[in-house]
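Have a look at the structure below before the remarks.
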Amino acid sequence: MKTISTVRFRPKLEHFDFIADQLKKRADHWASRGTTAKVYLVQDDDELIFQIILDGMDTLIENQDEALAYLDTIRKYLIEYSEEEGHTSARTAFVLYESSH
């Protein structure tokens with residue numbers, strides 16, 4: 001079943017463009033994989049939102065360690081959401097319906 005994963009980032013203002021560029025490269029990295037349906041990078045005020053649609057949850061689980069290692073490389077440029085959430089706000093869900101248009 002297709003899975004959608006959304007990760008919100010709040011870059012420190014002085015590093016906003018740098019993080020946007022890094023996440024664009026990350027989007028291209030994910031898009032080059034055969035199991036990725038779509039990748040989006042969206043700006044909402046002071047946040048960058050990385051959204052990926054995968055063909056299945058297995059891909060997300062298999063790449064979790066790599067994704068966390070990547071986060072470690074940019075963490076110092078991010079504002080922490082909270083002590084509980086850390087430097088990202090992430091959600092993953094199953095796609096129940098997708099229009100054909």
Side-chain angles (χ1 to χ4, degrees):
M1 176 176 271
K2 283 189 179 180
T3 304
I4 187 166
S5 183
T6 303
V7 183
R8 301 176 80 94
F9 301 84
R10 282 192 350 212
K12 294 176 182 173
L13 184 58
E14 65 271 20
H15 300 294
F16 192 91
D17 291 337
F18 171 74
I19 293 299
D21 288 341
Q22 294 303 305
L23 292 176
K24 287 175 190 175
K25 290 175 189 172
R26 192 70 180 165
D28 289 341
H29 171 76
W30 273 100
S32 69
R33 297 176 176 201
T35 56
T36 304
K38 284 283 191 182
V39 184
Y40 299 93
L41 179 60
V42 181
Q43 180 179 347
D44 182 11
D45 292 327
D46 65 341
E47 288 185 306
L48 292 170
I49 303 161
F50 187 93
Q51 193 164 60
I52 185 168
I53 301 172
L54 300 166
D55 291 335
M57 180 66 101
D58 292 343
T59 303
L60 195 60
I61 293 168
E62 290 167 7
N63 292 282
Q64 184 175 8
D65 289 341
E66 177 196 351
L68 291 173
Y70 174 76
L71 176 59
D72 286 341
T73 69
I74 63 170
R75 188 181 313 274
K76 64 184 175 186
Y77 304 107
L78 303 173
I79 298 169
E80 197 172 51
Y81 280 89
S82 69
E83 195 170 303
E84 296 81 31
E85 283 186 294
H87 289 85
T88 62
S89 177
R91 294 193 56 120
T92 298
F94 293 111
V95 176
L96 296 179
Y97 175 78
E98 184 177 358
S99 72
S100 59
H101 299 285

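With sequence neighbours excluded, no residue forms a side chain to side chain donor-acceptor pair (under 3.5 Å) with K12. Listed by chain and number, the residues in a side-chain contact (heavy atoms from CB on, under 4.5 Å) with T92 are T3, S5, M57, L60 (sequence neighbours excluded). D72 is linked by a salt bridge (Lys or Arg N to Asp or Glu O under 4.0 Å) to R75, counting only residues two or more places apart in sequence or in another chain. Contacts of E85 classified as side-chain contact (heavy atoms from CB on, under 4.5 Å), with partners at least two apart in sequence or in another chain: Y81, S82, S89. Partners of Q51 under the side-chain contact (heavy atoms from CB on, under 4.5 Å) rule, at least two apart in sequence or in another chain, are I4, T6, Y40. Residues passing the side chain to side chain donor-acceptor pair (under 3.5 Å) test with D21: none are found, sequence neighbours excluded. Under the side-chain contact (heavy atoms from CB on, under 4.5 Å) criterion, A67 pairs with R26, sequence neighbours left out. Applying the salt bridge (Lys or Arg N to Asp or Glu O under 4.0 Å) rule to R10 yields no partners; only residues at least two apart in sequence or on another chain are considered. Looking at residues two or more places apart in sequence or on another chain, you find a side chain to side chain donor-acceptor pair (under 3.5 Å) between E98 and K2. Qualifying salt bridge (Lys or Arg N to Asp or Glu O under 4.0 Å) partners for E47, counting only residues two or more places apart in sequence or in other chains: R8.
When every heavy atom of W30 is checked against every heavy atom of L54, the shortest pair comes out as CZ3-CD2, 3.8 Å. Nearest heavy atom pair, residue P11 against residue D46, reads CD-O, 3.6 Å. In terms of heavy atoms, I74 sits closest to F9 at CD1-CE2, 4.0 Å. Residues A27 and V39 approach most closely at CB-CG1, 3.4 Å, considering heavy atoms.
The number of heavy-atom neighbours closer than 6.0 Å to CD of Q64, taken from other residues, nucleotides and ligands shown, is 12 or below. Taking a 6.0 Å sphere around CG of L13, one finds it holds 12 or fewer heavy atoms contributed by other residues, nucleotides or ligands.
If you take CD1 on I52 and CG on L41, they are separated by 11.5 Å, rounding to the nearest 0.5 Å.
Listed by first and then second residue, the ring pair (Phe, Tyr, Trp, His ring centres under 6.0 Å) pairs that reach into residues 57-80 are H15-Y77, F18-Y77, sequence neighbours excluded.
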I would like to know whether F50 and T88 meet side-chain contact (heavy atoms from CB on, under 4.5 Å); could you show each step before the answer? CA-CA 10 Å; F50 187 93; T88 62; over 6 Å; no
